[in-house]
Amino acid sequence: MCGRFTRTKTVKEVARLFELAEPPPELAPRYNIAPTQQAAVVGLKPDGVTRGLIQIRWGLVREERHLKGAPLVNARAETADTRPTFSDLLESRRCLVVADGFVEWRKDHPGKDPHLFGLKSNEPFAFAGLWDVWHPPAGGKPILSFCILTTDPNELLKQLHDRMPVILRPDDFGRWLDPDAGTAEVRSLLHPYPADEMTAVALTTRINSPRNDDVACLEPLHV
DNA sequence: CCAGACGTTGTT
DNA sequence: GTCTGG
DNA sequence: CCAGACGTTGTT
DNA sequence: GTCTGG
């Protein structure tokens with residue numbers, strides 16, 4: 001799955017990659033984004049054309065109970081269009097999750113092999129995400145939140161896990177956000193990213209703690 | 001008909 | 001909103 | 001995803 | 001073991 005990710009690009013790079021008309025004033029690099037924390041996503045503004053970047057909660061909240069128990073950080077791409085929690089969002093609230101890497105923990109590792117890996121692509125990308133606004137019934141601030149779609153692992157990820165996040169190339173950003181895109185077109189984007197365009201690096205356990213959020217989290221493990 | 005649930009991981 | 005269970 | 005806290009009774 | 005916080 002995808003339970004931790006990074007976003008280290010500068011505002012300038014992000015603005016260019018996502019074609020933002022009005023980039024945020026600043027975007028401090030994040031080396032260790034954990035569930036329930038705020039993270040940057042790009043979506044269409046109400047005009048349905050202009051792209052905007054906002055920082056919202058990772059872990060979808062559509063009801064009170066979503067605040068309890070395991071946060072909804074992922075949604076299965078294969079079934080999202082029939083699950084009540086996700087189906088309407090897949091139609092109308094798709095977003096791009098700004099990221100440049102993610103982490104996988106290999107549970108079942110033989111011997112003393114490293115079991116913690118940082119994954120990157122050679123090319124820029126974004127995760128396919130779904131977002132929503134939830135208004136607490138008791139009143140108070142609305143909560144904006146998102147989750148990341150997952151799909152089958154490619155040959156590389158297969159060694160680490162049985163799921164991987166849906167990774168979109170810049171060429172597909174527009175299609176994913178297009179409010180007029182049909183179900184078939186949207187679904188056609190939800191496939192494993194090719195393994196030969198990705199690299200895995202063994203990491204130390206520094207990134208395990210959500211309290212650590214510095215460049216040392218991405219320091220390769222010296223074998 | 002109404003009531004109640006509606007998720008993903010991974011682990012066992 | 002929609003599906004499942006009773 | 002992982003980290004970290006968690007409780008009462010009775011003793012100090 | 002289980003729940004909360006990040």
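Quick caveat, the model's predicted, so the values are computed rather than measured. Lettering follows sequence order; numbering is per chain, from 1.
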Would you say C:dG1 has OP1 or OP2 under 4.0 Å from some side-chain N or O of A:T85?
no

Is the shortest distance from a Lys or Arg side-chain nitrogen in A:R175 or A:D172 to a carboxylate oxygen in the other one below 4.0 Å?
yes

Could you state the CD-P distance from A:E104 to B:dT8, rounded to the nearest angstrom?
17 Å

Can a donor-acceptor pair be found, under 3.5 Å and without considering hydrogens, that links the side chain of A:R62 to the backbone of A:W134?
no

What are the two closest heavy atoms between A:L90 and A:L149, and how far apart are they?
CD1-CD1, 4.3 Å

Atom CG of A:L60 and atom P of B:dC6: how far apart are they, to the nearest Å?
15 Å

What integer distance in Å separates A:R106:CZ from B:dT9:P?
20 Å

I'd like a list of close polar pairs between nucleotides 2-6 of chain E and the protein, N/O only, cut-off under 3.5 Å.
residue	atom	partner	partner atom	Å
E:dG6	O3'	A:Q37	NE2	3.3
E:dG6	N7	A:P35	O	3.3
E:dG6	N7	A:T36	OG1	2.5
E:dG6	N2	A:R4	NH2	3.4

Within this structure, what is the NE2-to-P distance between A:H115 and D:dC1, rounded to whole angstrom?
14 Å

Measure from CG on A:L149 to C1' on B:dT9 and round the result to the nearest Å.
15 Å

Give me the distance, rounded to whole Å, that separates D:dA5 from B:dT8 when you measure between the C1' atoms they each carry.
24 Å

Pairwise C1' distance, B:dC6 and D:dC6 [rounded to whole Å]
30 Å

How long is the line joining CG of A:N212 and P of D:dC1, in whole Å?
19 Å

Taking atom P of D:dA3 as reference, at what distance in whole Å does atom CD1 of A:I207 sit?
11 Å

Is there a side-chain contact between A:R76 and the phosphate of B:dT9, meaning an N or O under 4.0 Å from OP1 or OP2?
yes

Spacing between A:L67 atom CG and B:dG7 atom P, to the nearest angstrom
17 Å

Tell which nucleotide pairs with B:dC1, taking only Watson-Crick or G-U wobble pairs whose two distances are both under 3.5 angstrom.
C:dG6

The test is side chain to side chain donor-acceptor pair (under 3.5 Å); show your working for A:R163 and A:T150 and say whether it passes.
CA-CA 6 Å; A:R163 303 294 295 168; A:T150 64; 3.1 Å; yes

Less than 3.5 Å apart, which donor and acceptor atoms pair up between the side chains of residues 117-131 of chain A and the rest of the protein, not counting sequence neighbours?
residue	atom	partner	partner atom	Å
A:S121	OG	A:E123	N	3.0
A:S121	OG	A:E123	O	3.0
A:S121	OG	A:Y193	OH	3.1
A:S121	OG	A:E197	O	3.4
A:N122	ND2	A:E197	O	3.3

Which heavy atom of A:L96 sits nearest to which heavy atom of A:L177, and what is that distance?
CD1-CD1, 3.6 Å

In whole angstrom, give me the gap between the P atoms of E:dG6 and B:dG7.
27 Å

For A:R62, which contact category applies under a 4.0 Å heavy-atom criterion: base, sugar-phosphate, or nothing?
nothing

Strictly distance-based, threshold 3.5 Å: is any side-chain N or O of A:T6 a donor or acceptor partner for the main-chain N or O of A:G101?
yes

Can a side chain N or O of A:R83 be found less than 4.0 Å away from OP1 or OP2 on B:dC6?
no

Pair assignment for D:dG7, Watson-Crick or G-U wobble, requiring both distances under 3.5 Å:
none

